[in-house]
Amino acid sequence: MALRTDPQLSALLIVILPLMAGVIGIVMSRAIPLFRAVQQKIDRINQVMRETLSGVRVIRAFVRTRHEEARFATANQDLFGTSLQVNRVFAITIPIMTAILNLSTVAVMWFGAMRVESGELSIGGLTAFLQYLSQILFAVLTAVFMFILIPRAAVSSTRIREVLETVPSIGDPAQPVLPTDAAQRGVVEFRNVDFGYPGAEEPVLHDISFQAGPGEVTAIVGSTGSGKTTLVNLIPRFYDASGGSVLIDGVDVRHQEREAIWRRIGLVPQKAFLFGGTVATNLRFGDGEATDEELWQALAIAQGKDFVEAMDGQLDAPISQGGTNVSGGQRQRLAIARALVRRGGVMVFDDSFSALDFATDARLRAALSSELSDLTVIIVAQRVGTIMSADRIVVLDAGRVVGIGTHEELLRDNETYREIVESQLSTDEAAA
């Protein structure tokens with residue numbers, strides 16, 4: 001309509017619109033890097049706050065309150081400075097765009113008045129052109145407000161896309177292999193396994209070979225840092241072996257679908273983690289279709305029935321995020337019960353009895369022996385008393401297997417195991 005009203009005055013748009021587009025381009029080129037920096041500084045301040053809240057007891061114990069306050073103030077000031085730069089960029093954008101809009105109106109009035117004076121344009125035509133110009137420039141100005149939000153949205157979308165497009169380092173095989181050998185059902189075998197974390201100078205595990213079968217309790221012991229947890233993390237394929245192979249049901253785990261492996265494993269991790277909800281919702285994390293009777297049975301085996309019955313609501317008793325409203329021993333027993341509800345063919349307990357007293361530990365081991373007699377049980381333990389009755393004990397030292405046998409055999413023939421036992425038990429207790 002502006003072109004039809006007066007093509008010569010419309011030529012002003014050739015100057016005005018590129019000028020506004022240039023301002024928008026300059027603003028975005030400055031704003032996007034600043035918004036990227038803002039997001040990084042928000043991450044930093046969140047990290048400092050999360051560490052301060054999680055480690056508040058450690059901070060107080062070491063009298064580091066002032067240090068943490070200074071650390072938070074530094075991160076906060078850094079975020080404030082960058083945010084101030086962003087706001088300054090946008091604070092100057094609106095006045096510039098408004099100035100362009102008003103100067104455009106003045107230019108149209110100036111050149112339009114000359115054309116009206118020469119008789120080439122009527123006053124009504126000039127008024128109509130001004131109206132059309134105002135609509136065009138106000139539409140552009142409205143678009144500017146949208147463009148102000150685009151840089152932050154662009155940075156956020158990039159960060160989200162980086163997460164969504166991350167390719168897992170461990171994936172499912174193109175043609176999964178299903179276990180078919182019934183004789184190998186429930187058998188876990190480590191065959192000449194080596195493993196090193198990415199970027200590490202030395203492997204954590206060296207040439208590990210042993211086998212655990214149904215109806216057996218296989219224990220793994222060793223000094224701190226010997227690779228016990230790393231070893232059992234290879235079973236559910238949280239990591240892939242650098243050399244050799246880990247087999248479940250006679251098939252290399254790298255040739256099986258991960259979910260198929262996880263369905264056959266009941267895992268109690270070293271750090272017992274509970275989700276916000278109730279006792280029942282946490283236990284049904286192992287099996288969403290489990291009945292209340294099955295939950296109570298799992299709690300009875302895990303020696304958790306008594307304290308759950310004493311809680312208000314029993315199975316419906318609330319559990320806070322991370323299980324912070326129950327003790328460490330109760331948290332471990334609930335985690336064990338959750339794995340028992342799953343009842344996979346392979347049960348892995350990664351130092352899951354460390355918070356239990358000796359009496360509860362003994363009752364739990366007795367219950368596991370009677371209730372899980374048909375399953376493959378693998379136990380990582382620091383306490384020798386927990387694994388003395390195991391069918392097979394694997395002794396690790398600096399990532400190597402230095403002994404495999406029963407308690408009596410290792411106590412007699414293996415110096416490393418004997419040192420571990422003697423550091424925890426008296427001679428009479430060790431021989432019992």
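Since the model is a prediction, treat every value here as computed from it, not as a measurement.
Taking all atoms of both residues into account, the shortest heavy-atom contact from Glu68 to Ile59 is CG-CD1, 3.5 Å. Residues Gly196 and Ser242 share a closest heavy-atom pair of N-OG, 3.1 Å. Between Val341 and Ala298, the shortest heavy-atom contact is CG2-CB, 3.6 Å. Pairing each heavy atom of Ile265 with each of Pro236, the nearest pair is CD1-CA, 3.8 Å. Of all heavy-atom pairs spanning Pro173 and Gln256, the tightest one is CD-O, 3.4 Å. Between Gly250 and Leu247, the closest heavy-atom pair is O-CD2, 3.6 Å.
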Should Arg60 and Arg57 be marked as a side chain to side chain contact (heavy atoms under 4.5 Å, CB included) after you check the CA-CA gap, both sets of side-chain angles, and the distance that decides it?
CA-CA 5 Å; Arg60 289 175 179 173; Arg57 290 185 176 87; 5.9 Å; no
Going through the distances and angles, do Val48 and Thr52 end up as a side chain to side chain contact (heavy atoms under 4.5 Å, CB included)?
CA-CA 6 Å; Val48 172; Thr52 302; 4.1 Å; yes
So Arg88 and Ile92, side chain to side chain contact (heavy atoms under 4.5 Å, CB included) or not? Walk me through it.
CA-CA 6 Å; Arg88 282 172 177 164; Ile92 201 173; over 6 Å; no
Applying side chain to side chain contact (heavy atoms under 4.5 Å, CB included), run through Ile319 and Thr281 and close with a yes or a no.
CA-CA 9 Å; Ile319 298 293; Thr281 58; over 6 Å; no
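Within the 4.5 Å cutoff, side-chain heavy atoms of Leu79 are placed close to those of Val38. Inter-residue side-chain proximity for Val193 and Ser245 is flagged as unmet; no heavy-atom pair is nearer than 4.5 Å. Side-chain contact check for Ser209 versus Asn192: some heavy-atom pair is nearer than 4.5 Å. The shortest distance between side-chain heavy atoms of Gln40 and Arg44 does not fall below 4.5 Å. At least one side-chain heavy atom of Val308 sits under 4.5 Å from a side-chain heavy atom of Leu334. Under the 4.5 Å side-chain criterion, counting only non-hydrogen atoms from C-beta, Phe190 is not in contact with Val394. Within the 4.5 Å cutoff, side-chain heavy atoms of Leu299 are placed close to those of Leu315. In this structure, Asp207 and Asp194 have side chains that are in contact, with non-hydrogen atoms separated by less than 4.5 Å.
Surrounding CD of Glu309 are more than 12 heavy atoms belonging to other residues, nucleotides or ligands, all under 6.0 Å away. Heavy atoms from other residues, nucleotides or ligands lying under 6.0 Å from CZ of Arg363 number more than 12. Environment of CZ in Phe285: sparse, with no more than 12 heavy atoms of neighbouring residues, nucleotides or ligands closer than 6.0 Å.
From Arg284, atom CZ reaches atom CG of Asn282 across 11.5 Å, with rounding to the nearest 0.5 Å. Distance check, rounded to the nearest 0.5 Å: NE2 of His255 to CD1 of Ile248 gives 13.5 Å. Once rounded to the nearest 0.5 Å, the distance linking CG of Leu295 with NZ of Lys305 reads 12.0 Å. Here the CD1 atom belonging to Ile261 is positioned 6.0 Å from the CZ atom belonging to Arg237, to the nearest 0.5 angstrom. Note that CE of Met347 and CD1 of Ile379 are 10.0 Å apart. Values are rounded to the nearest 0.5 Å. From Leu234, atom CG reaches atom CG of Leu205 across 6.0 Å, with rounding to the nearest 0.5 Å.
A salt bridge is defined here as a Lys NZ or Arg NE, NH1 or NH2 lying under 4.0 Å from an Asp or Glu carboxylate O, and Asp249 with Arg264 meets this definition.
Tested against Asn233, the residues Thr229, Leu231, Ile235, Thr230 include a single side-chain contact (heavy atoms from CB on, under 4.5 Å) partner, Thr229.
Of the possible polar contacts, none joining the Lys228 side chain to the Leu396 backbone as a donor-acceptor pair under 3.5 Å is found. Within the 3.5 Å criterion, the main-chain N or O of Ile42 finds a donor-acceptor partner in the side chain of Asn46. A donor-acceptor pair under 3.5 Å links the side-chain atoms of Arg333 to the main chain of Gly329, judged by distance alone. Using modelled atom types, no side-chain atom of Asp350 and backbone atom of Leu267 make a donor-acceptor pair closer than 3.5 Å. The backbone N or O of Gln77 lies less than 3.5 Å from no partner atom in the side chain of Lys41, so there is not a single donor-acceptor pair. In this structure, Gln314 contributes its side chain and Asp312 its backbone to no donor-acceptor pair below 3.5 Å.
In this pair, Tyr239 and Tyr197 present their aromatic rings perpendicular. The plane angle is above 60°, beyond the 30 to 60° band. A tilted orientation is assigned to the rings of Phe238 and Trp262, their planes being inclined by 30° to 60°.
Using modelled atom types and a 3.5 Å distance limit, the side chains of Arg392 and Thr218 yield a donor-acceptor pair.
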